[in-house]
Every structure is written in C-alpha cells, then in structure tokens.
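This report refers to the structure that appears directly beneath it.
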Amino acid sequence: MKFFLPDSQDFVDPTFDFERERRSVSRQRQRDDLYAHEVFTAPAFDGLLVSKGIVDGFGTLGSRYTLAQRHRLQRLGAPRFFRVDRAPNPLTIMGDCGAFTYVHEEEPPYSIDEVLEFYEGSRFDYGVSLDHIILDYLPSADEPGASKDAVPEPIRRRQELTLELAKDFLREHKAGRYSFEPLGVAQGWSPKSYAASVKALQKMGYDYIALGGMVPLKSPEIRACLAEIDKVRSPGTRLHLLGVSRTEHLPEFSRLGIASIDSTSPLRQAFKDDRDNYYADDYKYTALRIPQVEGNPKLRRAISSGKVSQEHARRLEQASLEAMRLFEEGRRTSGQVVEVLLEYERLYDKDTKKDHAAAYVKTLTDAPWRRCPCEVCKTLKHHVILFRGAERNRRRGFHNIWTFYRQLQGLGLDTRLPRARARG
C-alpha cells in the first residue's frame with residue numbers, strides 16, 4: 001500500500017541552532033529549508049499529494065504558497081519545485097483540487113480545463129478529477145423502504161455533480177492526450193451510495209478511484225462503505241483513500257481494494273494532539289511541553305496584565321530546558337525533571353485540568369528517541385521530544401511520518417499502483 005504525504009509547505013531549517021535557538025540570518029525559506037523527503041536517507045513516504053486549493057489559497061484555509069512560489073511551481077514543475085528529482089528515492093506526485101477548501105461553495109470554483117492545466121503544467125504523475133465533497137453520513141438511507149427524502153437534495157446534487165465532472169474530466173483527458181494518470185472521485189453519504197459512485201466511475205473507464213469525504217467517518221463506517229464497494233469493484237480497480245490512515249485497519253482496507261492512502265495525521269499529531277505526539281513502534285508518547293515565553297499567548301497575556309512576572313517565567317523556562325539537558329547527560333532523574341516541568345506548566349497554564357505527570361514519567365523513563373534510528377532523532381536527541389516551537393515540533397512530525405511508513409511496510413501489504421505513463 002502506497003502512502004502519499006499531503007503538501008502544506010512544511011519545512012525545517014537545517015541551520016537552526018537548538019541550544020542557542022538561533023538561525024542563520026541569510027536563510028531563505030523554501031530555498032534553503034528542507035522538505036521531509038530531504039531529511040531522511042531512506043524513504044519516509046511514496047509520494048506527495050498537492051492540492052490546487054492549498055496552492056491557490058482558496059477559502060478559509062489560506063495559501064501556504066506565496067505568489068512567487070505559485071509561479072515557480074508552474075514554471076519548474078512539481079518534481080523540480082519539491083526537489084524530488086534530487087531525492088535518493090523516487091517519489092510520485094498526485095494532484096487533487098482540495099475540495100475541503102471550497103466545501104461551503106455551491107459548486108467547485110474551478111473549471112475542468114483549469115484543473116487539467118494545473119496538473120499537466122505541474123508535471124504531476126496522477127491527477128484526481130474535480131469533485132464536490134459530501135461530509136454528511138446517512139446510512140439509514142440504505143435501509144429498505146427509506147424514502148428519497150432521507151437524503152436532502154443538495155447532498156444528492158453534490159454526488160451527481162461529482163460524477164458529471166468525472167465524466168467530463170476523463171473525456172477531456174483522453175482528447176487532450178495529457179500525460180498524467182487520471183483518478184475519478186467517488187462521493188457518497190452511505191455504503192450503497194459510495195458503491196453506486198464507484199460503479200458509475202468504472203463504467204466511465206476509471207480503474208483508479210479516490211474515495212472522498214471519509215475523513216469524518218469512524219472506522220466501522222469506513223469498513224461498511226468499503227465492504228459495499230467491494231461488491232461492485234472490478235478486479236483491476238484500485239482505490240485511494242483520501243485523508244485517512246487508521247494504521248490498525250489498513251490490512252483489512254487493503255483486502256477491500258485500498259491501494260494507496262494519504263494523511264497528515266502523523267505530522268499534525270506531533271503538535272496538535274494533547275498526548276499522542278511522538279510515534280514509536282508500539283506506543284505513542286506525550287511530548288514534554290516547554291513553551292517559549294514569547295510564543296505562548298496565554299502566558300504573554302498574563303505577563304502583560306501583571307499577573308505573572310516575566311522574569312519568573314523566563315527563569316522557569318530556562319530551568320526546564322536545563323533539566324532536560326542534564327537528564328540527557330544522566331545527571332537528573334525523570335522525577336526531578338517532571339517536577340520542574342510541572343512547576344512551569346502551573347505558571348503558563350494555571351487553569352488547566354490536564355495532568356501530564358504520568359505521561360511525562362512514561363516518556364522520560366522509556367526515552368524512545370534514544371533507540372530510534374531515524375535521522376531526526378539521531379541528530380536532535382532529546383530536543384525531538386520537546387513540545388516547543390515549529391523547528392522541534394515539525395521535526396517530530398517528520399519522525400512520525402518516518403515511523404508510520406515503517407509500520408505500513410511492516411504490515412506486509414503489497415498493493416501495486418497503476419503505473420504512471422512515462423513522460424516524453
């Protein structure tokens with residue numbers, strides 16, 4: 001099973017000094033910074049997923065791209081822009097429209113011609129048809145005797161529109177002799193409606209189909225949809241699961257036709273999750289929170305209002321960093337470090353009802369970064385486990401991606417993607 005990492009312009013600065021917390025004054029973002037695939041010598045994923053909505057900055061999510069970067073992507077093409085042409089291991093690139101970015105629109109904001117030109121101009125290997133996402137899940141609509149009114153007309157219209165666009169997309173793709181491989185998108189609100197979409201897409205001629213709108217679904221609901229799809233899926237049809245990983249269910253997903261997945265969860269959990277921040281082979285550890293005094297909004301407000309002494313806050317921040325340094329040198333126990341961390345936590349988050357004590361003890365006792373062979377952990381050592389600033393947090397996310405990919409490989413799934421046509 002192939003893993004595509006969705007791009008959101010996540011870099012790390014190779015010049016960053018973790019002890020002094022400084023970076024090179026001549027550093028230029030994107031040109032000098034490193035993507036995840038440039039950090040590791042061994043593969044951490046099979047490809048990138050690039051969304052037009054993210055590149056263009058449509059909707060409330062905003063663009064992670066400057067105007068100059070958007071122009072460079074189209075001028076150079078994705079392989080050179082992302083520097084995958086220099087990577088030690090080949091990566092394929094898939095494009096989609098980023099339907100989440102325009103979920104509140106009545107119709108997609110792009111034309112088929114715009115999407116085709118974006119994919120071809122960016123030199124993607126795969127391109128996903130223009131779609132309109134459905135986030136409602138209404139399995140009762142599949143029950144015998146359910147009325148048509150069980151599914152609101154706007155939801156049905158999104159499915160109809162997605163299929164119409166997929167048909168036109170494939171027709172234009174064939175007529176224009178585009179070089180990327182096309183994927184049709186199946187949207188639905190229930191197991192049977194997803195199966196109906198897949199059946200229709202196969203009839204159009206698609207043998208590689210992306211399943212959209214499943215991110216909010218629980219794992220049993222996804223399994224139910226895949227099982228129903230499997231009843232109509234042709235032997236040669238491969239499925240791509242958009243935005244979903246669910247490691248524990250991937251063997252079953254593979255048996256039900258999933259050939260590839262994409263997800264930012266391993267990266268985002270590094271700094272979005274309250275506890276599961278650091279992936280190990282058999283456990284997810286809580287990162288040790290040592291926020292920067294200047295970078296913690298709640299603490300800054302408390303300092304500005306006079307409720308907290310800035311000098312005292314800085315002293316506890318530095319004491320926490322020093323405790324971790326001494327722990328790494330074997331000169332502090334886990335209990336001593338936790339005591340310092342919690343004292344600082346009570347200052348910067350006085351109202352919290354969370355208790356990280358036991359999780360911190362577990363993290364420090366096991367010290368998982370010491371036995372991890374990835375380049376991030378070998379280089380950063382204990383800094384990788386500190387929940388503090390983008391440079392540490394994003395690198396921990398890169399480690400998570402690397403670990404997730406190893407777990408995926410360990411499952412022994414051998415689902416081959418359709419081969420992208422060679423470019424002239």
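Atoms considered below: every heavy atom in the structure, side chains included; atoms not considered: hydrogens, waters and symmetry mates.
We find that Lys354 and Asp274 are joined by a salt bridge, their nearest charged nitrogen and carboxylate oxygen being less than 4.0 Å apart. Taking a cutoff of 4.0 Å between a charged side-chain nitrogen and a carboxylate oxygen, Arg395 and Glu391 qualify as a salt bridge. No salt bridge links Glu322 with Arg332; every basic N to acidic carboxylate O contact stays at or beyond 4.0 Å. No salt bridge links Asp207 with Arg238; every basic N to acidic carboxylate O contact stays at or beyond 4.0 Å. Contact check on Asp349 versus Lys298 returns a salt bridge, with a Lys/Arg side-chain nitrogen under 4.0 Å from an Asp/Glu carboxylate oxygen. Electrostatic pairing of Glu21 and Arg388 counts as a salt bridge here, judged by a charged N lying under 4.0 Å from a carboxylate O. Electrostatic pairing of Arg22 and Asp17 does not count as a salt bridge here, judged by no charged N lying under 4.0 Å from a carboxylate O. We find that Arg157 and Glu164 are joined by a salt bridge, their nearest charged nitrogen and carboxylate oxygen being less than 4.0 Å apart. A salt bridge links Arg268 with Asp10; the closest basic N to acidic carboxylate O contact falls under 4.0 Å. With respect to the salt-bridge test (charged N to carboxylate O, under 4.0 angstrom), the residues Lys192 and Asp142 do not qualify.
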Please assess Val215 against Leu242 for the test side-chain contact (heavy atoms from CB on, under 4.5 Å), listing each intermediate value before the final yes or no. CA-CA 8 Å; Val215 171; Leu242 286 165; over 6 Å; no

side-chain contact (heavy atoms from CB on, under 4.5 Å) for Phe118 and Leu73? Distances and angles first, verdict last. CA-CA 10 Å; Phe118 173 67; Leu73 174 61; 4.2 Å; yes

Mind running side-chain hydrogen bond (donor to acceptor under 3.5 Å, both in side chains) on Glu19 and His383 for me, showing each step along the way? CA-CA 9 Å; Glu19 297 300 333; His383 287 286; 2.9 Å; yes

Verdict with supporting geometry, Leu299 and Val308, side-chain contact (heavy atoms from CB on, under 4.5 Å): CA-CA 8 Å; Leu299 182 53; Val308 171; 4.0 Å; yes

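With sequence neighbours left out, the salt bridge (charged side-chain N to carboxylate O under 4.0 Å, His left out) criterion links Asp281 to no other residue. Scored by the salt bridge (charged side-chain N to carboxylate O under 4.0 Å, His left out) test, Asp230 finds Arg233 as partners (sequence neighbours excluded). In this structure Lys378 satisfies the salt bridge (charged side-chain N to carboxylate O under 4.0 Å, His left out) test with no other residue, sequence neighbours excluded. Every side-chain contact (heavy atoms from CB on, under 4.5 Å) that Pro43 has, sequence neighbours left out, goes to Asn89, Tyr405. Not a single salt bridge (charged side-chain N to carboxylate O under 4.0 Å, His left out) links Asp273 to another residue, sequence neighbours left out.
In this structure, Arg406 satisfies the cation-pi test against Trp402, with its NZ or CZ atom closer than 6.0 Å to the six-membered ring centre and inside 45 degrees of the ring normal. For the pair Arg27 and Phe16, the cation-pi criterion (under 6.0 Å, within 45° of the ring axis) is not fulfilled.
A ring-centre distance under 6.0 Å is not found for Tyr206 and Tyr208. With ring centers used as reference points, Tyr102 lies under 6.0 Å from His132. Residues Phe11 and Tyr35 bring their aromatic ring centres within 6.0 Å. Tyr279 and Phe404 have their aromatic ring centers separated by at least 6.0 angstrom. For Tyr119 and Phe180, the distance between ring centers is under 6.0 angstrom. Aromatic ring centres of His37 and Phe82: separated by at least 6.0 Å. A ring-centre distance under 6.0 Å is not found for His382 and Phe327.
Residues in residues 242-258 take part in these salt bridge (Lys or Arg N to Asp or Glu O under 4.0 Å) pairs, two or more places apart or across chains: Arg223-Glu252.
Residue Tyr285 is tested with Thr363, Asp366, Asn277 for a side chain to side chain donor-acceptor pair (under 3.5 Å); the sole match is Asp366. With Glu345 as reference, His356 is the one residue of Lys350, His356, Arg289 to meet the side chain to side chain donor-acceptor pair (under 3.5 Å) rule.
Taking the side chain as every heavy atom from C-beta outward, Ile133 and Arg158 approach each other to under 4.5 Å. Residues Ile134 and Gln159 have side chains in contact (heavy-atom distance under 4.5 Å, counting atoms from C-beta outward).
Residue Glu339 qualifies as open at atom CD: its count of foreign heavy atoms under 6.0 Å is 12 or below.
Judged purely by atom type and a 3.5 angstrom limit, Thr379 has no side-chain atom pairing as donor or acceptor with the backbone of Val376.
If you check the side chains of Asp131 and Gln187, you find a donor sitting under 3.5 Å from an acceptor. A donor atom on one side chain and an acceptor atom on the other are not found under 3.5 Å apart for Gln318 and Tyr344. Side-chain atoms of His399 and Arg396 form no donor-acceptor pair, as typed in the model, at a separation below 3.5 Å.
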